[in-house]
Amino acid sequence: MEQQNVEKVYQALDQMAEALETRENIPYLDALGAAMEYILDRDTELTEQPLLKQQLEKHAAVFDDQSYQKEEIRKGIQLSILKGMKGATQQQHMLTPDTVAMLIGYLTNKFIGKNEDFRIFDPAVGTGNLLTAVLNQVEREGHAYGSDVDPTLIQLAVMNANMQERQIEFFHQDSLRPFLLEPVDLVVSDLPVGYYPDDIQAAQFELKAEEGHSYSHHLFIEQSLHYTKEGGYLLFVVPNFLFESDQARSLHTFLQQHAHILGLLQFPESMFKNESQAKSVLILQKKGTLTTAPKQALLVQLPSFKNPNAMANVLKQINDWFDNELSGLKN
């Protein structure tokens, strides 16, 4: 992957989005989605302004003159989305950091093994950054699915996947409502943290709150397990306080009944603005008739990603755990 190609992709997208934002008077993120749609379809009906058409065509030509790797396109789109989210006040307009996505991709490769026809699902897909970053690391082609309730984010996810020539089926819906989706082999998701406002729908879940609103991140875990095959795996980016909240006891009881807790990988706090935002990767396996709990869970405090020696030692620890434990976890 060439960094200069990432810059080319970003600059073309950014200039197209800025032009659309200014001349069509639409938010930057909506303009970015329209810019990607123009690159893919050359939609001449997007605007009636001749000068704007010229600007769009000029920058879109960057994608005609040269082919780019999927990761170069993803990273260029990511930079554009980050720019658009800088002034966003909506909590759901967040992007999973690349270091987190790379680790999830690494673990995904370990869990799917030689499965040539795996199915993967992100129920909080957002802009598709995490899901496509994971797919770009996986050595095999699988069937991918993503869902999000936010219309701006799901539109960006669709364009993101199309720009990378990724076949992903998207659902634009509340992910805590039923899906027309067969159970998958693997769920990966950066869980949205907060309260779920629909108490009537929340009442359908075991992890509903006894009083007041339920935690959306708890309900997402239950929903994800429902759409995972027996023996399938789930990789969640979760807040460090997940098992310390007022509803943590019910979550722990639920997980003991329905899943094996395989591991918890805690990111260095230096990655986050403050301690309350610190996150970890929670690794689960859905219980099945032939599954067994690991003899020892994978509990890791990750070092700074800027420390290659320490990181190499941790990866060896993870690899050793897979060699010793994973064979006994297969369903």
Side-chain angles (χ1 to χ4, degrees), residues 90-97 100-101 103-104 107 120-131 134 145-150 153-154 157 171 173-179 184 186-228 232-267 269 271-286:
Q90 292 168 281
Q91 188 177 3
Q92 69 267 32
H93 285 190
M94 302 290 287
L95 209 62
T96 305
V100 176
L103 180 64
I104 298 290
L107 294 171
I120 185 172
F121 176 45
D122 185 346
V125 74
T127 65
N129 184 60
L130 173 60
L131 184 57
V134 168
Y145 307 87
S147 174
D148 206 283
V149 70
D150 188 293
L153 299 188
I154 201 71
F171 301 88
Q173 67 167 75
D174 179 348
S175 295
L176 296 177
R177 292 183 175 275
F179 286 97
V184 300
L186 185 75
V187 171
V188 298
S189 193
D190 189 345
L191 295 181
V193 177
Y195 291 105
Y196 182 55
D198 190 340
D199 294 336
I200 295 175
Q201 181 60 24
Q204 310 300 313
F205 290 80
E206 289 185 47
L207 286 173
K208 63 182 180 296
E210 293 182 6
E211 294 182 0
H213 292 323
S214 305
Y215 284 133
S216 59
H217 42 296
H218 289 194
L219 302 185
F220 266 87
I221 291 173
E222 180 176 340
Q223 181 81 322
S224 298
L225 277 164
H226 181 72
Y227 286 98
T228 302
Y233 300 101
L234 305 96
L235 307 177
F236 294 123
V237 181
V238 299
N240 284 358
F241 58 78
L242 180 69
F243 293 108
E244 299 172 2
S245 70
D246 57 320
Q247 298 177 30
R249 181 177 295 181
S250 61
L251 174 62
H252 192 267
T253 301
F254 173 85
L255 290 178
Q256 285 185 319
Q257 292 174 348
H258 300 283
H260 302 297
I261 299 179
L262 303 187
L264 188 71
L265 282 61
Q266 190 169 335
F267 292 106
E269 290 183 5
M271 283 180 56
F272 306 94
K273 289 183 178 179
N274 55 62
E275 184 180 348
S276 64
Q277 295 178 328
K279 294 190 175 184
S280 302
V281 176
L282 175 65
I283 307 172
L284 304 175
Q285 182 184 32
K286 184 173 180 176

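Index from 1, following the sequence. Predicted model only: the values in this text are computed from it and were never measured.
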Asks: Output all residues satisfying side-chain contact (heavy atoms from CB on, under 4.5 Å) with E269, sequence neighbours left out; order by chain, then residue number.
Replies: E275, A278

Asks: How would you list, by chain and number, every residue that makes a ring pair (Phe, Tyr, Trp, His ring centres under 6.0 Å) with F171, sequence neighbours excluded?
Replies: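 Counting only residues at least two positions away or on another chain, F171 forms a ring pair (Phe, Tyr, Trp, His ring centres under 6.0 Å) with F179.
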
Asks: Heavy-atom count around Q257 CD within 6.0 Å, excluding the residue itself: above 12?
Replies: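 Atom CD in Q257 is crowded, with more than 12 foreign heavy atoms closer than 6.0 Å.
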
Asks: Report the C-alpha distance between I261 and Q256 in whole Å, list the side-chain angles of each, state the deciding distance to 0.1 Å, and finish with yes or no for side chain to side chain contact (heavy atoms under 4.5 Å, CB included).
Replies: CA-CA 8 Å; I261 299 179; Q256 285 185 319; over 6 Å; no

Asks: Y195: which residues meet the side-chain contact (heavy atoms from CB on, under 4.5 Å) condition with it, sequence neighbours left out?
Replies: H213, Y215

Asks: For A124, which residues count as a side-chain contact (heavy atoms from CB on, under 4.5 Å) partner, sequence neighbours excluded?
Replies: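 Per chain and number, A124 pairs via side-chain contact (heavy atoms from CB on, under 4.5 Å) with D122, S189, P192, F220.
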
Asks: Within the distance-only criterion (no hydrogens, no angle test), does the side chain of S216 pair as donor or acceptor with the backbone N or O of G194 below 3.5 angstrom?
Replies: yes

Asks: Is any side-chain heavy atom of F267 closer than 4.5 Å to one of V100?
Replies: yes

Asks: Quick one: list whatever passes side-chain hydrogen bond (donor to acceptor under 3.5 Å, both in side chains) with T228, sequence neighbours left out.
Replies: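 Testing T228 for side-chain hydrogen bond (donor to acceptor under 3.5 Å, both in side chains), a comparison that skips the adjacent residues, returns none.
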
Asks: Got a sec, which residues hit side-chain hydrogen bond (donor to acceptor under 3.5 Å, both in side chains) with H258, two or more places apart in sequence or on another chain?
Replies: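 Partners of H258 by the side-chain hydrogen bond (donor to acceptor under 3.5 Å, both in side chains) criterion, ordered by chain and then number, come out as E206.
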
Asks: Taking only residues two or more places apart in sequence, or in another chain, which ones meet D174 in a salt bridge (Lys or Arg N to Asp or Glu O under 4.0 Å)?
Replies: R177

Asks: Can you list the residues that meet the side-chain hydrogen bond (donor to acceptor under 3.5 Å, both in side chains) rule with S214, with sequence neighbours excluded?
Replies: none

Asks: For a side chain to side chain contact (heavy atoms under 4.5 Å, CB included) check, start with the C-alpha distance between I104 and D190, then their side-chain angles and the critical distance, and finish with the verdict.
Replies: CA-CA 10 Å; I104 298 290; D190 189 345; over 6 Å; no

Asks: Check whether any side-chain N or O of K286 sits under 3.5 Å from a backbone N or O of L225 as a donor-acceptor pair, and report yes or no.
Replies: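 Yes, K286 side chain to L225 backbone: donor-acceptor pair under 3.5 Å.
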
Asks: Apply side-chain contact (heavy atoms from CB on, under 4.5 Å) to L265 and list each qualifying residue two or more places apart in sequence or on a separate chain.
Replies: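 Result, side-chain contact (heavy atoms from CB on, under 4.5 Å) vs L265: L103, L107, V281, I283, L298, V300, L302, I318.
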
Asks: Using side-chain hydrogen bond (donor to acceptor under 3.5 Å, both in side chains) as the criterion, list what pairs up with S250, not counting sequence neighbours.
Replies: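 S250 satisfies side-chain hydrogen bond (donor to acceptor under 3.5 Å, both in side chains) with no other residue.
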
Asks: One pair to check against side chain to side chain contact (heavy atoms under 4.5 Å, CB included): L284 and F236. What are the steps and the verdict?
Replies: CA-CA 8 Å; L284 304 175; F236 294 123; 3.9 Å; yes

